[in-house]
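Right, one structure below, let's go through it.
Heads up: numbering here begins at 1 and tracks the sequence.
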Amino acid sequence: MKIVLFGAPGSGKGSQAKLITKEFGLPQISTGDILRDHIQRQTNIGKIVEAIINRGELVPDEMIIDIICDRIKKEDCKKGYILDGFPRTLEQAKKLLEITNIDVVIYIDVSIIEVERRALSRRICPSCGKIFNISKKIIEDCDECGAKLIQRDDDKIDVVRHRIEKYFSQSEALIKFFKKKKLLKTVFSAESPEETYKSVRKILLKI
Ligand code: ADP
Ligand code: ZN
């Protein structure tokens, strides 16, 4: 099963991907994570994308498409995968459907106000990647591995606003495109990832 998760930054794509991985055993391919890993290792790609990401801009289509092409050829993708954060532009979406067939695009619908609130209260574990929300409860250390949580540079307020604007400027065209291809299924982002996952799961079980 090949799944695309689509939604605004902070819509909870990453959390849904992790829940799908747990139940369906498909690998999560997060372009954001792949890019951050390149930055951390200071690879050629990492050096190029660092400034772009920190400004909240999108990485060039060709670069991200190459990354995805390489990634989905790997052994663990034989039975399918979950794309999280790709495609993000119409160009990327068209290219994706040229290189492979997708079973479903799950669109996680959430309001601008809510995504802004969530992105600003998001913290991540730099060691294991677990995502936390500190809006209701202050959490300082990772409950999985004990590392001190950090805020991503691109989760700071100005950058968040920019990323969200970027997203909403592209999203309409993408939604239209996937609707036309009869791939789009919409779920509404609920209070908790577990609640949202109930709807996601229902869709996946029918595929
Ligand atoms: P979020 O979903 O919260 O925006 P991600 O971790 O998915 O965060 O992405 C972080 C950044 O990585 C994006 O703001 C963008 O600069 C870059 N990026 C990730 N995926 C793509 C993509 N498909 N196309 C272009 N840039 C991307
Ligand atoms: Zn951790």
Item to complete: With the side chain counted from C-beta on, respond yes when Asp84 and Val4 share a heavy-atom pair under 4.5 Å apart, and no when they do not.
Response: no
Response to the item:
Note: Leu174 and Ala93 closest approach over all heavy atoms is CD2-CB, 3.4 Å
Worksheet item: More than 12 heavy atoms of other residues, nucleotides or ligands under 6.0 Å from CD of Gln151: is that the case?
Response: yes
Worksheet item: Can you check whether Ile45 reaches Ile67 side chain to side chain, under 4.5 Å on heavy atoms?
Response: yes
Worksheet item: Taking ILVMFWY side chains as joined if any heavy atoms are under 4.5 angstrom apart, and letting links pass through other members, which residues group with Val159?
Response: none
Fill in: Heavy-atom closest pair, residues His162 and Gly56
CD2-O, 3.6 Å
Discussion item. Show, in sequence, the C-alpha distance, side-chain angles and deciding distance for Tyr167 and Phe6, and conclude whether the ring pair (Phe, Tyr, Trp, His ring centres under 6.0 Å) test is met.
Written reply: CA-CA 10 Å; Tyr167 165 79; Phe6 181 68; 5.6 Å; yes
Discussion item. If you compare all heavy atoms of Pro27 against all heavy atoms of Thr21, which two are closest, and at what distance to 0.1 Å?
Written reply: C-OG1, 4.4 Å
Worksheet item: Are Leu97 and Phe177 close enough that some pair of their side-chain heavy atoms sits under 4.5 Å apart?
Response: yes
Discussion item. Testing the 3.5 Å rule here: is there a donor-acceptor pair between the side chains of Ser189 and Arg118?
Written reply: yes
Worksheet item: So do Tyr81 and Thr100 actually touch side chain to side chain, heavy atoms under 4.5 Å?
Response: yes
Item to complete: Could you go through the side-chain contact (heavy atoms from CB on, under 4.5 Å) check for Cys142 and Ser127 one step at a time?
Response: CA-CA 9 Å; Cys142 177; Ser127 166; over 6 Å; no
Practice prompt. State, yes or no, whether a side-chain contact exists between Gln92 and Arg88 at a heavy-atom distance under 4.5 Å.
Written response: yes
Worksheet item: Of all heavy-atom pairs between Gln16 and Tyr197, which one has the smallest distance, and what is that distance?
Response: OE1-CA, 3.2 Å
Worksheet, complete the sentence: Between Ala8 and Lys13, the two heavy atoms sitting closest are O-NZ, 3.4 Å
Practice prompt. Decide whether Glu50 and His38 meet the rule of one side-chain donor and one side-chain acceptor closer than 3.5 Å.
Written response: no
Discussion item. Salt bridge check, Lys148 against Asp141: does any charged N sit closer than 4.0 Å to a carboxylate O?
Written reply: yes
Worksheet item: Taking it one step at a time, do Asp154 and Val160 satisfy side-chain contact (heavy atoms from CB on, under 4.5 Å)?
Response: CA-CA 6 Å; Asp154 63 347; Val160 162; over 6 Å; no
Worksheet item: Is the number of heavy atoms from other residues, nucleotides or ligands within 6.0 Å of CZ (Phe168) greater than 12?
Response: yes
Worksheet item: For the residue pair Leu19 and Pro193, what are the closest heavy atoms and their distance?
Response: CD1-O, 3.8 Å
Item to complete: Please check if atom NZ in Lys156 has more than 12 non-hydrogen atoms from other residues, nucleotides or ligands closer than 6.0 Å.
Response: yes
Worksheet item: Rounded to the nearest 0.5 Å, how far apart are NZ of Lys185 and NZ of Lys179?
Response: 12.0 Å
Worksheet item: Are Glu140 and Leu149 side-chain neighbours, meaning at least one heavy-atom pair lies under 4.5 Å?
Response: no
Sequence neighbours excluded and cut-off under 3.5 Å, please list the side-chain donor-acceptor pairs for residues 200-207, or say none.
{"from": "Arg201", "atom 1": "NE", "to": "Glu23", "atom 2": "OE1", "distance (Å)": "2.9"}
{"from": "Arg201", "atom 1": "NE", "to": "Glu23", "atom 2": "OE2", "distance (Å)": "2.9"}
{"from": "Arg201", "atom 1": "NH2", "to": "Glu23", "atom 2": "OE2", "distance (Å)": "2.9"}

Worksheet item: Does atom CG of Asn44 have more than 12 heavy-atom neighbours from other groups under 6.0 Å away?
Response: no
Practice prompt. Start with the C-alpha distance between Arg36 and Asp33, add both sets of side-chain angles, then the distance that settles salt bridge (charged side-chain N to carboxylate O under 4.0 Å, His left out), and finish with yes or no.
Written response: CA-CA 5 Å; Arg36 278 186 290 278; Asp33 286 350; 2.9 Å; yes
Could you pull out every donor-acceptor pair under 3.5 Å between side chains of residues 104-113 and any protein atom, sequence neighbours left out?
{"from": "Tyr107", "atom 1": "OH", "to": "Asp109", "atom 2": "OD1", "distance (Å)": "3.3"}
{"from": "Ser111", "atom 1": "OG", "to": "Glu114", "atom 2": "N", "distance (Å)": "3.2"}

Fill in: Side chain proximity check, Ile34 to Ile29, heavy atoms < 4.5 angstrom
yes
Discussion item. Using side-chain contact (heavy atoms from CB on, under 4.5 Å), reason through Ile3 and Leu83 one step at a time and then give a plain yes or no.
Written reply: CA-CA 6 Å; Ile3 307 163; Leu83 294 176; over 6 Å; no
Discussion item. Within the 4.5 Å heavy-atom criterion, are Asp61 and Pro87 side-chain neighbours or not?
Written reply: no
Worksheet item: Has the side chain of Asp103 got a donor or acceptor atom that lies under 3.5 Å from a matching backbone atom of Lys2?
Response: yes
Fill in: Salt-bridge criterion met for Lys136 and Glu191 (N-O under 4.0 Å)
yes
Practice prompt. Find out if a path of hydrophobic residues (ILVMFWY) with successive side-chain heavy-atom gaps under 4.5 Å connects Met63 to Ile99.
Written response: yes
Item to complete: Tell me, with the steps shown, if Lys94 and Glu91 meet salt bridge (charged side-chain N to carboxylate O under 4.0 Å, His left out).
Response: CA-CA 5 Å; Lys94 287 182 177 159; Glu91 196 52 41; 5.7 Å; no
Fill in: Enclosure of Glu194 CD (heavy-atom neighbours >12, cutoff 6.0 Å)
yes
